[in-house]
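Here is the structure we will look at, set down as structure tokens.
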Amino acid sequence: MIRWMRHGESTWNAAGRLQHRNPAPPLTELGRRQARQAAEGLRGTCVDVVLTSPALRARQTARIVADVLGLDVVIDDRLVEMDRDETVAQVRQRVESLVQEHSGELLVVSHGDTIAVAVELLTGHSCPVPGNARIHVTGARATVP
């Protein structure tokens with residue numbers, strides 16, 4: 001099983017700015033609270049690995065959750081936000097290689113657009129961009145069409 005979690009609210013989310021691949025915007029206080037609430041909701045669930053995008057907002061979210069779950073955080077560059085010049089097919093390839101490489105129960109902290117592509121890829125159903133600190137669950141090794 002894979003739990004796909006969008007990072008908590010960042011300073012740029014709060015300002016209504018698009019972040020694209022800018023790694024710098026940190027979490028707001030609300031974003032930290034969102035991450036703590038999500039972490040509490042995950043307490044007691046089986047998670048083997050916490051993977052995260054290298055963006056600061058995602059790493060901060062992952063660290064908050066991993067601390068509650070007693071796990072380390074693994075940074076994976078394939079979890080970055082979709083770039084302006086990147087196609088959905090390229091994001092799908094990143095997600096597919098990540099899922100094939102990892103086993104076990106995963107918590108993946110990433111970005112709304114990447115998560116929407118991942119969920120659609122693994123379930124075959126369209127997925128709207130999730131809100132901050134929202135979690136979508138997919139089967140671990142769905143057959144990719």
Side-chain angles (χ1 to χ4, degrees), residues 1-23 25-28 30-66 68-69 71 73-145:
M1 177 179 305
I2 304 174
R3 290 172 178 84
W4 300 89
M5 179 180 178
R6 183 177 176 194
H7 59 79
E9 180 189 68
S10 73
T11 55
W12 283 25
N13 289 144
R17 295 180 66 184
L18 294 176
Q19 297 166 110
H20 297 289
R21 284 210 182 157
N22 187 325
L27 292 179
T28 61
L30 172 60
R32 287 187 287 280
R33 281 195 313 270
Q34 290 169 331
R36 285 191 295 271
Q37 287 176 326
E40 288 303 322
L42 290 168
R43 192 183 292 275
T45 61
C46 181
V47 175
D48 299 316
V49 178
V50 178
L51 299 171
T52 188
S53 160
L56 179 59
R57 58 198 176 273
R59 286 185 292 124
Q60 289 175 322
T61 301
R63 179 77 269 144
I64 291 167
V65 175
V68 168
L69 300 178
L71 297 169
V73 174
V74 177
I75 296 171
D76 194 307
D77 291 338
R78 293 172 289 190
L79 294 171
V80 294
E81 194 158 15
M82 187 171 177
D83 194 28
R84 293 177 195 151
D85 299 325
E86 191 174 28
T87 65
V88 170
Q90 289 169 313
V91 177
R92 288 172 61 103
Q93 287 175 340
R94 285 196 277 122
V95 167
E96 186 175 344
S97 70
L98 176 110
V99 198
Q100 291 175 352
E101 185 176 302
H102 291 279
S103 61
E105 302 289 322
L106 306 178
L107 172 64
V108 177
V109 180
S110 188
H111 308 276
D113 53 6
T114 303
I115 292 169
V117 170
V119 171
E120 182 174 349
L121 173 69
L122 296 170
T123 66
H125 301 289
S126 179
C127 176
V129 172
N132 292 110
R134 300 289 183 190
I135 298 172
H136 284 273
V137 179
T138 65
R141 310 291 166 255
T143 303
V144 179

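None of the values given here were measured: they were computed from a predicted structure.
Every residue two or more places apart in sequence or in another chain was checked for a side chain to side chain donor-acceptor pair (under 3.5 Å) with Ser126, and none qualifies. By the salt bridge (Lys or Arg N to Asp or Glu O under 4.0 Å) test, Asp113 is found to be paired with no residue, residues two or more places apart in sequence or in another chain being considered. Checked against salt bridge (Lys or Arg N to Asp or Glu O under 4.0 Å), Arg36 has the following partners two or more places apart in sequence or in another chain: Glu29.
The backbone N or O of Leu27 sits less than 3.5 Å from a side-chain atom of Arg32, completing a donor-acceptor pair. For Arg57 (side chain) and Ser10 (main-chain N/O), no donor-acceptor pair under 3.5 Å exists by modelled atom type. Under a 3.5 Å cut-off, the side chain of Arg94 and the backbone N or O of Val80 do form a donor-acceptor pair. Looking only at distances, a side-chain donor or acceptor of Gln90 sits under 3.5 Å from a matching main-chain atom of Thr87.
One finds the OG atom of Ser97 at 7.5 Å from the CG atom of Asp76 (value rounded to the nearest 0.5 Å). The CZ atom of Arg92 sits 4.5 Å away from atom CG of Leu121, with the distance rounded to the nearest 0.5 Å.
At least one side-chain heavy atom of His7 sits under 4.5 Å from a side-chain heavy atom of Asn132. For the pair Val99 and Thr138, the minimum side-chain heavy-atom distance is 4.5 Å or more. Residues Gln60 and Arg63 have side chains not in contact (no heavy-atom distance under 4.5 Å, counting atoms from C-beta outward). Considering only heavy atoms from C-beta on, Thr61 stays 4.5 Å or farther from Thr52 through its side chain. When side chains are defined from C-beta on, Ile75 counts as touching Arg59, because their heavy atoms get closer than 4.5 Å. Residues Leu107 and Leu42 have side chains in contact (heavy-atom distance under 4.5 Å, counting atoms from C-beta outward).
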